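As the structure is a prediction and not an experimental result, all values here were calculated from the model. First the proteins, then the strands, lettered A, B, ... as listed; each starts at 1.
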Protein chains: 2
Amino acid sequence: MRNYGQYCPIARASEILAERWTLIILRDILNGVHTFSALADGAPGLSRTLLSTRLDQLQRAGVIDISPNPSGRGNLYTPTEAGHDLGPVMLALGTWGERWIELAPEHLDPGVVLESWVRQYLDHDRLPEGRVVVRFDFPKLAVKGNQLWCIFDRSGSEVCRTYPGFEEDLVVRVDARALAEWHLGKITWGQGHDAGLIEVMGPPGLAAALPTWNKQSGWAHIDIGERRT
Amino acid sequence: MRNYGQYCPIARASEILAERWTLIILRDILNGVHTFSALADGAPGLSRTLLSTRLDQLQRAGVIDISPNPSGRGNLYTPTEAGHDLGPVMLALGTWGERWIELAPEHLDPGVVLESWVRQYLDHDRLPEGRVVVRFDFPKLAVKGNQLWCIFDRSGSEVCRTYPGFEEDLVVRVDARALAEWHLGKITWGQGHDAGLIEVMGPPGLAAALPTWNKQSGWAHIDIGERRT
DNA sequence: CAGTATCCCTTATGATACTG
DNA sequence: CAGTATCATAAGGGATACTG
């Protein structure tokens with residue numbers, strides 16, 4: 001049953017929002033991700049079929065608009081006013097999640113960690129001129145998938161799962177959890193470094209610059225000290 | 001895939017909360033509904049099997065406690081501290097739902113409307129001594145299921161789908177939407193009455209008392225005037 | 001009564017192939 | 001590339017029967 005039959009506002013909202021992937025997609029749209037492919041890239045594990053279905057449902061529910069992309073092909077998926085108004089819901093949900101749901105190994109897909117970095121936390125204005133290619137080694141993982149590349153570029157950065165063909169400027173040996181906690185504002189880069197969880201190899205200037213290319217996470221302020229899980 | 005693989009707090013929270021029925025069940029538990037049967041009654045359409053599964057998941061996620069019911073048989077399902085802390089999430093979600101999701105006919109199961117009345121909005125302290133039996137006729141509906149009974153009693157009220165065997169003290173002809181909107185604080189009883197959507201037959205004193213047995217809805221203050229759906 | 005195990009079916013979803 | 005239609009499959013969920 002897709003319908004709860006309840007007039008309660010929580011039930012009405014849940015009919016639309018409490019579906020698999022829906023909130024993830026909406027989070028990204030609200031964060032400025034507006035194209036089909038970019039949404040797909042940000043959610044590995046979500047099939048394009050299902051993404052298409054969800055976007056349809058959100059449009060019919062009046063939460064997003066779908067309009068042809070003026071520049072380039074395809075559509076643009078943008079929040080309606082109702083969609084924008086989901087901000088407080090996202091904030092409440094994320095605040096709760098950060099406080100109460102422990103960061104478990106299954107939350108630490110390194111590809112997602114790097115994608116998030118590039119999409120959410122990277123401050124392109126702080127990047128140096130030109131292209132910086134960084135290889136990330138995740139030593140804790142099985143050999144398959146323990147190496148990823150990031151291409152940092154003011155005009156658009158991206159994550160590659162295979163050698164991108166450009167020479168590596170830096171190599172970073174890093175624990176996926178440390179990287180995630182750094183993004184979340186739980187630890188500083190220096191703390192990760194001192195704990196031996198982050199190690200950067202390459203030109204010292206560039207190595208020192210890497211952690212400065214970031215914006216502050218919106219979740220950093222949440223106090224999980226009170227948590228008793 | 002049950003897991004999003006994402007460290008983002010919204011994703012972590014969604015893994016647990018964004019499942020079918022989960023928020024409905026949690027809403028009820030947070031509202032003081034603590035037994036299996038009462039939870040099942042409050043969610044027609046939810047099978048006991050699934051309810052059982054969801055309660056299990058919520059316990060494992062640390063959102064509720066399950067403990068033997070000291071009085072009576074069965075268990076008590078109560079919020080943990082993490083569960084209590086969902087209050088703001090529920091509030092944000094309900095506020096959004098009330099503002100943006102129109103009350104459609106499929107939200108107006110009259111059984112649910114009456115159940116909600118009895119469970120959420122009824123102020124037992126204001127009930128008169130003894131038992132008051134009220135039949136509700138929902139004239140807009142097909143013959144099947146258009147009559148329901150409520151037994152109002154200080155020691156516990158309930159909804160019956162068949163004639164409960166007690167003589168009716170009042171008969172109410174009512175539009176399900178009007179009743180729901182009254183509960184939500186969108187209209188007053190008098191407005192519903194004047195619009196011909198609520199009609200009470202029976203002793204005038206009792207008829208006048210009926211709408212005074214209520215508590216104020218928590219959603220009443222939400223301004224949907226700005227909504228543009 | 002208060003659940004839970006089992007079985008079976010429906011629905012949801014992923015893979016693939018396809019189209020503008 | 002940006003999706004969408006089709007189909008096979010897996011997962012989710014309901015009915016029933018069962019247990020303390």
Q: Starting at atom NE2 of A:H34, determine the distance to atom P of D:dC1, rounded to an integer number of angstrom.
A: 22 Å
Q) What about B:S47, does its side chain sit under 3.5 Å from the base of D:dA15 through a donor-acceptor pair? A) no
**Q.** A:L50 vs B:T49, nearer the 5' end of DNA chain C by closest nucleotide
**A.** B:T49
**Q.** A:Q57 CD - C:dA12 C1' separation (whole Å)
**A.** 10 Å
Q: Report the distance from atom CD1 of A:I66 to atom C1' of D:dA2, rounded to the nearest whole Å.
A: 12 Å
Q. Atom CG of B:L51 to atom C1' of C:dG3: distance rounded to whole Å?
A. 10 Å
Q.
Less than 4.0 angstrom from a charged side-chain N to a carboxylate O is my criterion; do B:D41 and B:R119 meet it?
A. no
Q: Name the closest nucleotide to the A:R48 side chain, picking from D:dG3, C:dC1, C:dG3.
A: D:dG3
Q: Measure from CH2 on A:W21 to P on D:dA11 and round the result to the nearest Å.
A: 15 Å
Q: Would you please say whether a donor-acceptor pair under 3.5 Å links the side chains of A:H107 and B:E15?
A: yes
Q.
If I take atom CZ from residue B:R73 and atom OG1 from residue B:T35, how far apart are they, to the nearest 0.5 angstrom?
A. 12.0 Å
Q. How long is the gap from NZ on B:K186 to CZ on B:R177, to the nearest 0.5 Å?
A. 13.0 Å
Q: Give the rounded distance in Å between these two atoms: CG of A:D41 and P of D:dG3.
A: 12 Å
Q. Start at the 5' end of DNA chain D and walk down; is the nucleotide closest to A:D56 or to A:R73 reached first?
A. A:R73
Q) Is B:Y77 near enough to C:dG3 that one of its side-chain N or O atoms lies under 4.0 angstrom from OP1 or OP2? A) yes
Q: Return the stems involving DNA chain D, sorted by first number, where pairs are Watson-Crick (N1-N3 with N6-O4 or O6-N4) or G-U wobble (N1-O2 and O6-N3), both under 3.5 Å, and runs are 3 or more long.
A: C:1-20 with D:1-20
Q | N/O donor-acceptor pair, side chain A:S52 with base D:dA2, under 3.5 angstrom | A | no
Q. Would B:W213 and B:W117 count as a close aromatic pair, with their ring centres under 6.0 Å?
A. no
Q: Would you check if the side chain of B:D109 reaches a backbone N or O of B:G111 as a donor-acceptor pair within less than 3.5 Å?
A: yes
Q | Separation of atom CD in A:E19 from atom P in C:dA12, rounded to whole Å | A | 8 Å
Q) Hey, is the side chain of B:N75 poking within less than 4.0 Å of OP1 or OP2 on C:dG3, counting only N and O atoms? A) yes
**Q.** A:L46 CG - C:dT13 P separation (whole Å)
**A.** 10 Å
Q) Can a side chain N or O of A:R20 be found less than 4.0 Å away from OP1 or OP2 on D:dG12? A) yes
Q.
Quick one about B:Q57 and B:R60 (side-chain donor to acceptor, distance below 3.5 Å, no hydrogens or angles considered), yes or no?
A. no
